[in-house]
There are 2 protein chains.
Amino acid sequence: MSRKSASVRRDEILAATVEEIESTGLRTLRVADVAARLGLSPSLVIYHFVTKEALVAAAFAHAGENDLYRARRLAATQKPASQRLRDVVQWYMPTGSTRSWKIWIDGWSAGLFDDGVKSTFSTLDREWKTILSELIVAGLEAEEFRFSHGRMATEASAHEPTGTTVAELADDCATRILAYLDGLAVQLIFNPESVSPQTLSAWVDAFVARELE
Amino acid sequence: MSRKSASVRRDEILAATVEEIESTGLRTLRVADVAARLGLSPSLVIYHFVTKEALVAAAFAHAGENDLYRARRLAATQKPASQRLRDVVQWYMPTGSTRSWKIWIDGWSAGLFDDGVKSTFSTLDREWKTILSELIVAGLEAEEFRFSHGRMATEASAHEPTGTTVAELADDCATRILAYLDGLAVQLIFNPESVSPQTLSAWVDAFVARELE
DNA sequence: GGTTTTACTGAATCGCTGTTCAGTTAGGTT
DNA sequence: AACCTAACTGAACAGCGATTCAGTAAAACC
């Protein structure tokens with residue numbers, strides 16, 4: 001039987017775990033199933049990850065970093081910032097990409113009461129925000145768009161005590177965009193009849209356009 | 001020991017189940033804990049609900065109907081429609097209300113792979129949409145606001161094959177608002193630093209104002 | 001080629017928790 | 001007051017699935 005170095009095996013196992021979660025859910029995830037998917041013994045999985053809980057936490061981090069990697073590549077193109085922003089948003093979107101979505105909803109649920117998973121998600125989320133935020137700043141500097149007006153004047157300065165740096169505004173803007181995307185993903189799962197992928201895509205474009213005109 | 005009629009007990013148990021899910025999560029929910037919370041035997045819980053799975057499904061439906069009940073009361077006031085819309089949205093919001101939120105994220109996760117739960121969530125979601133949608137239509141008729149312009153002209157007619165009834169537009173609008181709220185709730189859980197309740201409230205107001213000017 | 005390291009397995013364990021079931025008793029009915 | 005229905009319990013069962021552990025054999029190292 002072929003043996004592999006620890007790091008390679010670990011990656012294989014993580015990938016298998018992600019697939020398993022994606023296809024049958026965290027709920028019914030068994031170590032044995034992950035092992036079976038690779039034709040290995042359950043003991044080996046525990047050998048590498050010590051505990052199921054740790055395996056799951058690592059799997060989420062793995063999947064998250066994967067998605068981020070692709071997003072960063074999309075963000076590092078030579079295209080204009082506004083186009084790169086669209087590309088990244090499209091990749092994040094629950095439709096039209098290979099990006100897994102169910103796993104994140106399961107992840108949110110796991111993060112509710114597991115501090116390890118929760119902090120993983122916090123940092124992943126911050127990284128996404130950074131990517132978007134930087135693209136927004138780039139677009140502003142290139143004068144491809146600017147912050148829509150009502151935003152800055154009304155809400156921001158009136159209610160928020162936070163400073164008004166461009167970076168901070170961009171960060172808030174990114175937060176709103178990601179929130180909208182997450183919410184639409186949930187809608188897509190529970191009411192696929194009421195939102196087609198195209199509709200959804202149009203809505204997102206409109207949202208972004210309204211934030212950055 | 002005091003005995004109660006089946007329906008009363010059932011309600012008590014459902015309430016206890018909801019509390020338990022809210023406080024420790026679906027993940028670690030044990031029938032015994034639910035029973036302990038009421039000083040009852042685990043057997044009784046099964047006696048009334050036959051299976052744990054059924055108990056959980058019933059608990060979600062119960063919690064959902066509860067929230068809807070309150071929302072409907074807020075929607076049936078004598079206030080102007082725009083105000084009622086705000087009230088309902090405020091109640092749905094992850095901040096400033098007693099409405100439980102963690103339970104819904106757990107619920108989404110459960111619904112991913114459990115068709116029973118999934119359909120419960122679909123209908124609950126549709127009911128929320130109906131409430132909002134009707135308020136929107138009422139507000140339009142009273143000329144308290146109208147659909148923001150870019151919306152109707154650009155996205156709706158250009159991309160969507162769906163009809164352009166006022167009711168349909170209102171429904172779509174409700175969908176977007178609910179999606180945004182759901183997404184913000186997730187943000188609030190994983191990055192409470194980046195969004196204060198007030199900020200969030202302001203963002204939602206802005207979103208609604210931008211949909212209905 | 002021998003030795004050490006380390007990936008890997010199979011079988012056994014063991015705790016946990018949903019469910020069963022035979023029996024008990026409260027409370028309404030007549 | 002006898003009775004009957006239905007709420008309720010406690011103890012046992014049963015199965016699942018994570019983890020353990022003693023042992024095997026590939027590689028890597030010398």
Side-chain angles (χ1 to χ4, degrees), chain A residues 1-60 62 106-107 109-110 113-117, chain B residues 1-62 106-107 109-110 113-114 116-117:
Chain A
M1 178 145 306
S2 76
R3 287 185 181 196
K4 306 197 175 172
S5 76
S7 70
V8 171
R9 250 301 116 83
R10 278 180 60 98
D11 279 356
E12 281 185 8
I13 295 174
L14 287 177
T17 306
V18 171
E19 285 168 24
E20 194 66 26
I21 295 176
E22 183 70 21
S23 78
T24 62
L26 192 52
R27 195 114 245 259
T28 61
L29 179 74
R30 282 174 300 177
V31 178
D33 292 339
V34 173
R37 201 173 262 264
L38 297 169
L40 301 172
S41 68
S43 333
L44 186 64
V45 176
I46 295 298
Y47 170 76
H48 281 296
F49 291 92
V50 183
T51 170
K52 179 189 175 183
E53 204 183 329
L55 169 68
V56 170
F60 280 131
H62 182 80
D106 256 342
S109 152
F113 300 97
D114 178 323
D115 288 339
V117 175
Chain B
M1 179 145 305
S2 74
R3 286 182 184 197
K4 307 197 175 174
S5 77
S7 70
V8 171
R9 249 304 114 84
R10 278 179 61 97
D11 280 356
E12 279 186 8
I13 294 175
L14 287 177
T17 305
V18 171
E19 285 167 23
E20 196 65 25
I21 295 176
E22 184 70 22
S23 77
T24 63
L26 192 52
R27 193 119 250 254
T28 62
L29 180 74
R30 284 173 300 178
V31 178
D33 292 339
V34 174
R37 201 173 260 263
L38 297 168
L40 301 172
S41 69
S43 332
L44 185 63
V45 176
I46 296 297
Y47 171 74
H48 281 295
F49 290 91
V50 183
T51 170
K52 180 189 176 183
E53 205 182 329
L55 169 67
V56 170
F60 280 130
H62 181 79
D106 257 340
S109 150
F113 300 97
D114 178 324
V117 175

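The chains referred to below are lettered A, B, ... by the order of the sequence lines, with proteins before strands, and numbering in each begins at 1.
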Distance-only check: which donor-acceptor pairs under 3.5 Å involve side-chain atoms of residues 42-56 of chain A, not counting sequence neighbours?
residue : atom : partner : partner atom : Å
A:Thr51 : OG1  : A:Glu53 : N            : 3.4
A:Lys52 : NZ   : A:Leu29 : O            : 2.8

Just to be sure I understand the geometry, which residues of residues 14-21 of chain B put a non-hydrogen atom under 4.0 Å away from DNA chain D?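 Heavy-atom contacts with DNA chain D come from no residue of residues 14-21 of chain B; none.
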Interface residues of residues 45-56 of chain A with DNA chain D (non-hydrogen, below 4.0 angstrom):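 Result for residues 45-56 of chain A: A:Ile46, A:Thr51, A:Lys52, sorted by number.
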Test side chain to side chain contact (heavy atoms under 4.5 Å, CB included) applied to A:Ser7 - qualifying residues, sequence neighbours left out: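 A:Ser7: side chain to side chain contact (heavy atoms under 4.5 Å, CB included) contacts with A:Ser5.
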Whole angstroms only, please: what is the [atom1]-[atom2] distance between [X] and [N]?
| X | N | atom1 | atom2 | answer |
| --- | --- | --- | --- | --- |
| B:Leu40 | C:dA26 | CG | P | 16 Å |
| A:Leu38 | C:dA7 | CG | C1' | 14 Å |
| B:Ile13 | D:dA7 | CD1 | P | 11 Å |

Compare every heavy atom of A:Ser109 with every heavy atom of B:Asp106, then report the nearest pair and how far apart it is.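 Of all heavy-atom pairs spanning B:Asp106 and A:Ser109, the closest is OD1-OG, 2.7 Å.
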Minimal non-hydrogen separation, B:Val18 against B:Ala59, with atom names: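 Closest approach of B:Val18 to B:Ala59, heavy atoms only: CG2-O, 3.7 Å.
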With heavy-atom distances below 4.5 Å as the criterion, would you say the side chains of B:Phe60 and B:Leu26 are in contact?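 A side-chain contact under 4.5 Å exists here.
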Polar-atom pairs under 3.5 Å, protein N or O versus N or O of nucleotides 1-4 of chain D: list them with distances, or write none.
none

Distance (rounded to the nearest 0.5 Å) between A:Thr17 OG1 and A:His62 NE2: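 Output value for this atom pair is 9.0 Å.
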Side-chain-base donor-acceptor pair under 3.5 Å for A:Arg3 and D:dA25: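 Pair found.
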Set of residues satisfying side chain to side chain donor-acceptor pair (under 3.5 Å) with respect to A:Glu12, sequence neighbours excluded: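 Side chain to side chain donor-acceptor pair (under 3.5 Å) list for A:Glu12, sorted by chain: A:Lys4, A:Arg9.
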Just to verify, what does [X] make a salt bridge (charged side-chain N to carboxylate O under 4.0 Å, His left out) with, not counting sequence neighbours?
| X | result |
| --- | --- |
| A:Glu20 | A:Arg37 |
| B:Arg10 | none |
| A:Arg30 | A:Asp33 |

With respect to the side chain of A:Leu44, which nucleotide from C:dC8, D:dC8, D:dG10 is positioned closest?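 Out of C:dC8, D:dC8, D:dG10, the nucleotide with an atom closest to A:Leu44's side chain is C:dC8.
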Using a cutoff of under 3.5 Å, can you pull out all pairs of nitrogen or oxygen atoms linking the protein to nucleotides 12-14 of chain C, with atom names and distances?
none

Contact residues, residues 29-36 of chain A to DNA chain C [heavy atom, < 4.0 Å]: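 Output list: empty, so none.
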